[in-house]
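First up is the structure itself, then whatever we jot down about it.
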Amino acid sequence: MAISEAEPIPTSDVMVRMRGINLIYGENHVLRDLDLEVAPGEKVVIIGPSGSGKTTILRVIMTLARPTSGTVEIDGRHLYHHEKSGDLVAAGEKHIREVRSDISMVFQHFNLFPHMSAIENTMLAPIKVLGLSKEEARQRGADLLKVVGLAAKIDNYPAELSGGQKQRVAIARALAMRPKVMLFDEVTSALDPELVGEVLAVLKDIAQSGTMTMMLVTHEMGFAREAADRVLMFDHGNVLEEGTPEKILHQPEHERTKAFLRAVLAH
Amino acid sequence: MLSGGQLQVLVEGAWFTVQVFLLAAALGTVLSLIFGIAGLSENRVFRGISRVYVEVARGASAIVLVFFAAFAVPIILGIPPQIFAAAVIALGVNMGGYGAEVVRAGIQSVSRGQTEASIALNLTARDRLRHVTLPQAIVVMIPPYGNLSIEVMKGTALVSLVGLADLTGEAQNLRVQRAILADPPTSAAIFGTALIAYFVLSQVIALFFRWLERRVGGSWYKERA
Amino acid sequence: MRVIFAQVSDGWQWDMEYALEILPAIARGLWQTVQATIIGITIGMVLGLVLALLRRSPSRVVSWSTAAVIEFVRGTPLLVQLFFIFFVLPNFGLTLSPFVTLVVGLGLHYGTYTSESYRAGIDNVERGQWEASTALNLPSTTTWTRVILPQAIPTVIPALGNYLVAMFKDAPLGMGIAAGGVLLAAQSAASRSFQPVEPYTVMGLLFLAVSIPAALFVRYLEKRYGYQRG
């Protein structure tokens, strides 16, 4: 089964649209007046120094952090608002859940459910949220674990898996929800160097064989070069510059970008 | 040493103690779950009610609650006294105050990442509690809950003060009977045996909870992400 | 809330006059309970330290039998221990008054709890402190009194606060051996007047009026001073 068979068809011409997003946390103006659009099937890599707010973008889309102001649209539908006679009103939990069903996220520290096996991790949400039967969920989970290369480990518990294997289970778990958008928050940063490759291979597979919209915060410039459609350099709460991987990585315009790339690529 | 008949009396008392303990613990566990989870609610009213219950149930001390329930409550409600029920309910309510804090701490010990993963998978809050949070929280709760259970079992001794025939009550009866018996047992024998019986009970409870922790924890408990 | 229930059933109504009449006697009983608690915790704090040191004795016999005693006392009810002290010890020549029995019982029972806290506190003093003392060739007593204990004891204080509050809740058990206290006062009033509601309610309210603020204060102290060292 190819990953592309798992994806639903988008209905709008912009998959993710963030408009005027501000996020103020205490004294910190983490996101400043951010406007961002991601097209369906686009692979966007976000780079930048820590504290720039890049992880927060993903968290705002995944509803793990609420913006202080601004709007977010997923495939044409407002996430935090709904339209009431032409005006935008703050949406309730039910509406947010509905729109959120199109988004999935993979975390830096995996966040697998330790009391469930790999296959059970992938089955829980499809059963409880999508209403799949146990057999259907098990079949889907087994297929996805096979795709990420863990067919032999489906009954193992997270405690028995290496970091790279855990992250691949996390990716399978996210894919099981058939999202339209997948968010990846520094998914290789917590891995030992020799385990990074297996996870990047899965990410490349998703990027190259399907029409999945992907947003990745990462330091892996090699991946950006090979798989990204667009690279965003993020700094001080907003996009500093953006462009194709070739442009940003080899011909950056801003001094900050050049300094950042020098520091990252020095390793 | 104690005669066979006297030992028999203490055994009956011990059985009574076990019954009081199990019933009070059942009630206490239910209350702990309800008020423990309520204490973490986003609803401020639920949180407030939980806080009040915890402070009063703990602050009042078991003995105060038992006497109030046994002697004052029936008059207030206009019903005939029900000492046994009153004692069990009072002990259960008291246990619930402490248990609620154990439940709350256990749930809070589950890492934020689990909550975030559940949100990312679009699970409802109820599904998250049932399938992700509680299974992990329960393993953490077991050791302190075991200690609490032992304290509650020891606490059942005070029902003898309101006239119930538990292990302590029967021991007291034997002591009083010494004056009229031909060959009375020594006080040391009576209370020494009672102490040993309680000690055995507390060790049994301790063993049970150690077994429970191993069983519920299983192999996954070694790593909690 | 209890006063709201005043007119719930036929024939029973809150007797405010009676309640105020017995208030002084019950308050006196509460004071007795408080006194027993204060003396009891003092005994418990000292005994706890002694037990903790005995537990660490190099002699296997001493250390093991101390552990057994601690385990046994902690695993059995305070009330039965009070009965034991009050009824059994006289046969061995030691007759204590009810009040003394109560404070000795409280001190012994909670001494075993506090000994565990002391043990944890002593164990938590870094190895380096011991090693430095050896390097400086300090005699054992000096090491204990000037280096180890001054660092171990402060960590125990929050736990002691909790035990103080817990002891206050156990102290009314003295009623079982007629050792005074708030419960005995309430019970005496109730059996004299056949009106149990007012005495037990007044007892409960007075009790809460002491135990809840005490618990909150201990929690405040914990936040301010506790758990700062490792």
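Residue numbers begin at 1 in each chain, while the letters A, B, ... track the order of the sequences. Side chains included, hydrogens not; waters and symmetry mates left out as well; all remaining heavy atoms used.
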- So, the part of Glu71(C) with a heavy atom under 4.5 Å from chain B: the answer is both
- Side chain / backbone / both / neither for Glu198(C) at chain B, heavy atoms under 4.5 Å: neither
- Please examine the side chains of Pro199(C) and Ile26(C), heavy atoms only from C-beta on, and report whether any two atoms are closer than 4.5 Å. yes
- Message: Is it true that, when you exclude Arg56(C) itself, more than 12 heavy atoms of the residues, nucleotides or ligands shown sit nearer than 6.0 Å to its CZ?
- Response: yes
- Item | Region of Ile196(B) in contact with chain C, defined by heavy-atom distances below 4.5 Å | both
- Message: Is Thr186(B) close to chain C through its backbone or its side chain, or both, or neither, when contacts mean heavy atoms under 4.5 Å?
- Response: neither
- The interface call for Leu216(C) against chain B, heavy-atom contacts under 4.5 Å, is side chain
- Greatest number of heavy atom pairs closer than 4.5 Å to chain C - which of Leu195(B), Ile63(B), Leu201(B): Leu195(B)
- Query: Can you tell me if CZ on Phe46(B) sees more than 12 non-hydrogen neighbours from other groups inside 6.0 Å?
  - Reply: no
- Gly59(B), Ala188(B), Ser202(B): which one forms the most heavy-atom pairs within less than 4.5 Å of chain C? Gly59(B)
- Query: Are side-chain heavy atoms of Arg51(B) and Arg47(B) found at a separation under 4.5 Å?
  - Reply: no
- Without hydrogens or angle criteria, can the side chains of Gln81(C) and Thr76(C) be said to hold a donor-acceptor pair below 3.5 Å? yes
- Item | For the student: nearest non-hydrogen atoms of Ala171(B) and Ala194(B), plus distance | CB-CB, 4.3 Å
- Go through Val210(C), Val80(C), Leu89(C), Val182(C) and name the one with the most non-hydrogen pairs under 4.5 angstrom from chain B. Val80(C)
- Choice from Met153(B), Gln203(B), Arg58(B), Arg175(B) maximising heavy atom contacts with chain C below 4.5 Å: Arg175(B)
- Does Ile37(B) offer a backbone N or O that forms a donor-acceptor pair with the side chain of Ser41(B) under 3.5 Å? no
